Visitor: 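Provided herewith is a single structure, encoded as structure tokens, for subsequent inquiry.
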Amino acid sequence: MWTFIIRRLLQSVIVIIGVTLISFVALQIGGDPTFLFVSERATPEEIEMIRKALGFDQPLHIQYLTYLGNILQGDFGNSLSYRQPAMDIVLGALPATIELTVFSMIFAIGLAIPFGVFAALYRGTPVDGGIMTLAMFGQSIPNFWLGIMMILFFGLYLNWFPISGHVPLIMPLLQGDFMTALTNIPSSIYYMVLPGVAVGFYSLSRNARLVRSSMLEVLGQDYVRTARSKGISERAVVINHALRNAWLPVVTMVGLEFGFLLGGVVVIETVFSWPGIGRLVFNAINQKDIPVVQASVIVLSVIFIALNLIVDLIYARIDPRVKL
Amino acid sequence: MTNLPDAFAIAPVTGSNFSRELRRAGRSMVAAKWPLLALAILFVVVVVAIFGPWLSPLDPNRQNIMMRLAGPMAPGPNGATFVMGSDALGRDVLSRLLYGARVSLMVGISAILVGGTLGTIAGLVSGYFGGWIDDVIMRLGDIQLAFPFILLAIMFLVVLGPGLVNLILVLGIGQWVTYARIVRAQTLSLREKEFVEAARAMGDSTTSIMFRTILPNIVAPLTVIASFNVASVILAEASLSFLGLGVPPETPTWGSMLAQSRDQLIANKWWLAVFPGMAIVVTVLSFNIIGDWLRDLLDPRLKERG
């Protein structure tokens, strides 16, 4: 068990170093990176000065080590448009993004499991057909378009849900204000419904199909047949025998799904003017604010990697067969 | 996606084998109905992509400030009709949609070719040689998958700048791992087969064994992956165009049309968002249906598990 944990930890460290290497390459790939940090009207002397100040006149390997050292201290340099540390800006926007991602994940996984189980239990019936058709559509709709359509229909036409705005949950918690966080919950969820569903719908569809096939596989196993032949009620067979084994793949998918949903949230935030990292990145793209883009991408990647590490460790704990 | 058909990998591909499989495919498609419809839709999309310039009623980039944001079926310039309305610059939505098919399909297919070629070569090398080369290539893939793809794409496109070639490269490089993993797994099992042994005994060069003996037997699973992949690449292209990282604004793509529709949302100019979005959904759905059907066809064991 301990060797597994240590190996897995080392792996994560290597992957994080890989991530920083890729982001470093991304900086260099377009030629002299100095030009990413200067305004178009800068004189050659100014450019030379900035190149020296940022260390771009050094050999590449020195540049990378400096870059790595800075990142490890959370220093991505100053944002070019806000004139404050990029990391602070990103961390300020992070809670809103996490809230939306967690919400969409609860929506996606929470519905995917019952949908998938029902489709498997009623295989070949219209219930199955209906759920699977919906899932097929769900995997073919761009999330931001779904967001736009929901804004048009549920927001502007029916007027049921707000089409923009955000009530913070994590921020008051971090500031130790539990009462505010608690009273904010209902309105916070109300604002998250449209963007959360738009992001989560693809995951819901994909995972409903996964749960269905995982369930069908388990239902065909010998021990399920044995349980049935013993005369145990179908309900007990499904709950005690099938579900218990079918939920293992679900744990793995939670980790991977989080990263995927994060990617979706980044896009959907611009549709709903959600004050998170996605909108930050979108504005940074338009203003060519490289430090903010880099800080955002690396912070999100590290969260994703850490989460996958945790999921793997939990998985090893609940499934004794994993002792790699 | 990880359920890989290996039914095709048992015997080396020959001509008669192939035509028999083709007939089987034809019968199965007619029987299944949905794939047939999907194929018909894709055929239309391809025709539109090729003949778009002749089919479109108006010049897709012709601005007409007097007739901006006209609703569907509104009269256009010179007695023409804005069948799907006009956008904020008075350009015809239908014409842009038809042109967009070309760019969207071209980006999708080119990216698959880039990613598929890279991934296939990496997978062949990795599976055939094994050892440290295999380790390096596969760990590289692991690292790349540790990034949510859209973030990786954003990071590179911000530096490289938006543009057709950059977009295709980034989307393609984003896909290579998928192909490499499949090709590697297949190569691992194939390299021990008799017909590969035979080729080796005949003194064929390593490159010839990899590309002429092994590769033809991996084409079938690759086509399945590719058809799913076109779907997800078109979705990714739409997302990136939506973020302003796709092709230049004057080039119409479905994603960039949606991006431009965002500013008109509050004013309820629904036609700007509805039509390009439907074009994406119908195309991607068709690719997904074909992919599902191909997978069932190539490996009937998976059909049960859907």
Side-chain angles (χ1 to χ4, degrees), chain A residues 11-12 14-16 18-19 21-23 26-30 33 36 119 123 132 136-137 139-146 148-149 151-152 156-157 163 202 209 212-214 216-217 220 259-260 262-264 266-267 270-271 281-282 284-286 288 290 293-294 296-297 300-301 304-305 308, chain B residues 1 3 34 139-140 142-162 228 231-232 234-236 238-240 242-245 254-255 258-259 261-262 265-266 268 270 272-274 276-278 280-289 292 302 304-306:
Chain A
Q11 250 177 22
S12 303
I14 293 174
V15 171
I16 289 180
V19 167
L21 201 61
I22 292 179
S23 62
L27 261 187
Q28 304 283 344
I29 206 165
L36 298 169
R123 189 171 131 201
M132 284 304 110
M136 197 70 178
F137 264 100
Q139 280 186 292
S140 308
I141 300 177
N143 54 18
F144 59 91
W145 187 64
L146 188 62
I148 292 174
M149 289 299 107
I151 286 180
L152 284 174
L156 296 174
Y157 182 70
I163 58 169
Y202 186 98
R209 290 173 61 139
R212 176 180 179 271
S213 55
S214 166
L216 281 178
E217 203 168 306
F260 182 80
L262 265 182
V266 167
V267 181
T270 63
V271 179
V281 168
F282 180 71
I285 288 171
N286 287 329
K288 287 243 162 203
I290 304 289
V293 174
Q294 290 234 322
S296 308
V297 170
L300 291 182
S301 301
F304 177 56
I305 293 164
N308 273 311
Chain B
M1 202 98 119
N3 296 332
W34 282 114
R139 288 302 84 73
L140 217 63
D142 288 349
I143 291 177
Q144 183 174 324
L145 289 187
F147 263 117
F149 168 70
I150 196 102
L151 298 180
L152 190 76
I154 287 172
M155 202 160 67
F156 276 91
L157 284 173
V158 166
V159 176
L160 289 173
F228 278 117
S232 48
I234 291 179
L235 285 183
S239 290
L240 290 172
F242 186 70
L243 291 176
L245 288 171
W254 297 338
L258 284 178
S261 80
R262 194 180 39 215
L265 221 50
I266 302 296
N268 221 336
W270 55 269
L272 295 178
V274 169
M278 291 215 307
I280 296 176
V281 173
V282 168
T283 309
V284 171
L285 188 64
S286 302
F287 275 114
N288 275 333
I289 290 176
D292 254 16
L302 294 173
E304 295 274 290
R305 297 188 250 138

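To find a chain, count down the sequence lines: A is the first, B the second, and so on, and within it residues start at 1. Computed from a prediction, not measured in an experiment: that's the story for all the values here.
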Visitor: Of the backbone (N, CA, C, O) and the side chain (C-beta and beyond), which part of A:Met136 lies under 4.5 Å from a heavy atom of chain B, both, or neither?
Guide: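 Both backbone and side chain.
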
Visitor: Could you look at B:Leu157 and say if it's the side chain, the backbone, both or neither that has a heavy atom under 4.5 Å from chain A?
Guide: neither

Visitor: Side-chain contact, heavy-atom cut-off 4.5 Å: A:Leu300 with A:Val266?
Guide: yes

Visitor: Side chain, backbone, both or neither: which part of A:Phe260 has a heavy atom under 4.5 Å from chain B?
Guide: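 Looking at A:Phe260, nothing touches chain B.
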
Visitor: Is A:Tyr202 close to chain B through its backbone or its side chain, or both, or neither, when contacts mean heavy atoms under 4.5 Å?
Guide: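 Contact with chain B is through the side chain of A:Tyr202 alone.
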
Visitor: Under 4.5 Å heavy-atom distance to chain B, tell me which part of A:Leu21 shows up: side chain, backbone, both or neither.
Guide: neither

Visitor: With the side chain counted from C-beta on, respond yes when A:Ile148 and B:Phe242 share a heavy-atom pair under 4.5 Å apart, and no when they do not.
Guide: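 Heavy-atom side-chain distance check passes, below 4.5 Å.
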
Visitor: Please classify the contact between B:Val282 and chain A as side chain, backbone, both or neither, with a heavy-atom cut-off of under 4.5 Å.
Guide: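 Neither part, no heavy atoms under 4.5 Å.
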
Visitor: Side chain, backbone, both or neither: which part of B:Ala231 has a non-hydrogen atom closer than 4.5 Å to chain A?
Guide: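 Contact with chain A involves no heavy atom of B:Ala231 at all.
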
Visitor: Does some side-chain heavy atom of A:Phe282 sit less than 4.5 Å from a side-chain heavy atom of A:Val267?
Guide: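 A:Val267 does not reach A:Phe282 side chain to side chain.
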
Visitor: I need the residue from A:Val15, A:Val19, A:Leu146, A:Ile14 with the largest number of non-hydrogen atom pairs under 4.5 Å to chain B.
Guide: A:Val19

Visitor: Against chain A, work out which of B:Gln144, B:Met278, B:Arg139 has the most heavy-atom pairs shorter than 4.5 Å and name it.
Guide: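 Looking at each of B:Gln144, B:Met278, B:Arg139 in turn, B:Met278 comes out on top.
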
Visitor: Tell me, for A:Leu152 versus chain B, whether the close heavy atoms (under 4.5 Å) come from the side chain, the backbone, both or neither.
Guide: side chain

Visitor: Considering only heavy atoms, which portion of A:Ile141 lies under 4.5 Å from any heavy atom of chain B: side chain, backbone, both, or neither?
Guide: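 Its backbone and side chain both get close to chain B.
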
Visitor: Provide the closest heavy-atom pair for B:Gly255 versus B:Ile280 in the form atom of the first, atom of the second, distance.
Guide: N-CD1, 4.4 Å

Visitor: Mind checking whether A:Ile22 and B:Met155 have side chains closer than 4.5 Å, heavy atoms only?
Guide: yes

Visitor: Where on A:Val293 is there a heavy atom nearer than 4.5 Å to chain B: the side chain, the backbone, both, or neither?
Guide: side chain

Visitor: Hey, are the side chains of A:Phe144 and A:Thr270 touching, using non-hydrogen atoms and a 4.5 Å cut-off?
Guide: no

Visitor: So do the side chains of B:Ile150 and B:Ser239 get within less than 4.5 Å of each other, counting heavy atoms only?
Guide: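 They are in contact (side-chain heavy atoms under 4.5 Å apart), so the answer is yes.
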
Visitor: Are any of the side-chain heavy atoms of A:Val281 and B:Leu243 separated by less than 4.5 Å?
Guide: no

